[in-house]
Protein chains: 2
Amino acid sequence: MQGEHQKFMALALAEARQALALGEVPVGCVVIKDGLVAGRGHNRRETDGDPVAHAEILAIREAARNLNRWRLTGTTLYVTVEPCPMCAGAIVLARISRVVFGVMDPKGGAGGSCFNLLESPWTNHRVAVLSGIGETAARELMQEFFQRMR
Amino acid sequence: MQGEHQKFMALALAEARQALALGEVPVGCVVIKDGLVAGRGHNRRETDGDPVAHAEILAIREAARNLNRWRLTGTTLYVTVEPCPMCAGAIVLARISRVVFGVMDPKGGAGGSCFNLLESPWTNHRVAVLSGIGETAARELMQEFFQRMR
């Protein structure tokens with residue numbers, strides 16, 4: 001199981017590297033259903049000029065199109081960085097069953113750091129949360145981005 | 001000023017009625033910049049099969065396209081119902097200056113009811129919040145929807 005998490009997080013990290021190559025905050029995401037990639041995304045806010053184009057939103061929308069339903073029950077979302085409030089809200093609304101993330105975001109994370117929207121009872125849906133998978137690689141990508149910015 | 005709020009909320013209510021006509025939870029939204037409509041949207045989750053297709057997300061994305069920038073500073077967002085966590089997060093990320101909403105959502109509202117994400121310091125951006133504009137009409141639309149559902 002740990003090996004499976006590492007395998008899918010590696011795909012999310014590959015997405016994050018695509019964001020970095022675009023000069024975007026390097027966050028990547030995949031949505032997995034029955035061991036297959038249903039959706040993938042990387043942060044494209046600046047590139048697309050779209051304020052909601054976070055990795056998770058793009059991966060969730062792609063998964064909904066591919067699975068032909070907006071209820072993504074039975075899927076696991078892998079994201080390199082703890083989701084922000086918008087993305088945590090989207091994860092709950094999309095009925096995603098499990099979230100695996102890499103590095104915490106102490107400034108705005110909504111998977112337990114600043115807020116806990118994933119496990120908060122604002123809908124009947126509950127999301128299982130696992131963190132720390134691929135943490136070092138995810139953090140290094142973020143550090144590389146912020147060093148380039150200086 | 002109150003008259004201006006009523007005028008723009010009427011546009012959001014017209015969007016909400018379009019959602020109701022589609023059999024969607026009737027929530028409507030407009031984003032206003034310098035007295036003009038920059039973006040509009042109504043809930044289209046079922047219609048589009050898109051878990052993130054809430055009124056606010058669609059209106060924000062349209063405003064960003066029309067204004068050709070993802071930072072929507074200087075805009076006011078009118079929405080008939082208090083934003084959920086996803087939409088409140090999107091409002092903050094989009095740097096919207098002010099939110100005017102109609103009816104509170106005690107079950108999941110993130111504009112002060114369940115959560116206060118709009119005024120919470122998870123980014124440096126602050127949103128001014130005004131509620132109760134067009135409240136009766138917004139509530140009646142919601143009641144009509146839930147009566148039809150039964």
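All values below come from the heavy atoms of this structure, side chains included, with hydrogens, waters and symmetry mates left out. Every chain is numbered from 1, with letters handed out A, B, ... down the list of sequences.
Contact of the A:Ile60 side chain with the B:Pro51 side chain is registered, since non-hydrogen atoms from C-beta on lie closer than 4.5 Å.
Remark: B:Ala59 pairs with B:Cys29, B:Val31 by the side chain to side chain contact (heavy atoms under 4.5 Å, CB included) rule, at least two apart or across chains.
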Distance-only donor-acceptor pairs under 3.5 Å across chain B and chain A:
residue, atom, partner, partner atom, Å
B:Arg45, NH1, A:Leu93, O, 3.1
B:Glu46, OE1, A:Trp70, NE1, 3.2
B:Glu46, OE2, A:Trp70, NE1, 3.2
B:Asp50, OD2, A:Arg61, NE, 2.9
B:Asp50, OD2, A:Arg61, NH2, 3.0
B:Arg61, NE, A:Asp50, OD2, 2.9
B:Arg61, NH2, A:Asp50, OD2, 3.0
B:Trp70, NE1, A:Glu46, OE1, 3.2
B:Trp70, NE1, A:Glu46, OE2, 3.2
B:Leu93, O, A:Arg45, NH1, 3.1

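For A:Leu93, the parts sitting under 4.5 Å from any heavy atom of chain B are the backbone and the side chain alike.
Hydrophobic clustering (ILVMFWY, side-chain heavy atoms < 4.5 Å, transitive): B:Leu22 and B:Val81 are in distinct clusters. No continuous path of hydrophobic side-chain contacts links B:Leu58 to B:Leu141 [ILVMFWY only; heavy atoms under 4.5 Å]. Both A:Leu72 and A:Val37 belong to a common hydrophobic cluster when Ile, Leu, Val, Met, Phe, Trp and Tyr are linked at side-chain heavy-atom distances under 4.5 angstrom. Under the 4.5 Å side-chain contact rule for hydrophobic residues, B:Leu36 and B:Val99 do not share a cluster.
Options B:Ala53, B:Ala94, B:Ala90 differ in how many heavy-atom pairs under 4.5 Å they form with chain A, and the most are formed by B:Ala90. Annotation: maximal heavy-atom pairing with chain A below 4.5 Å, among B:Gly89, B:Gly109, B:Gly108, occurs at B:Gly89.
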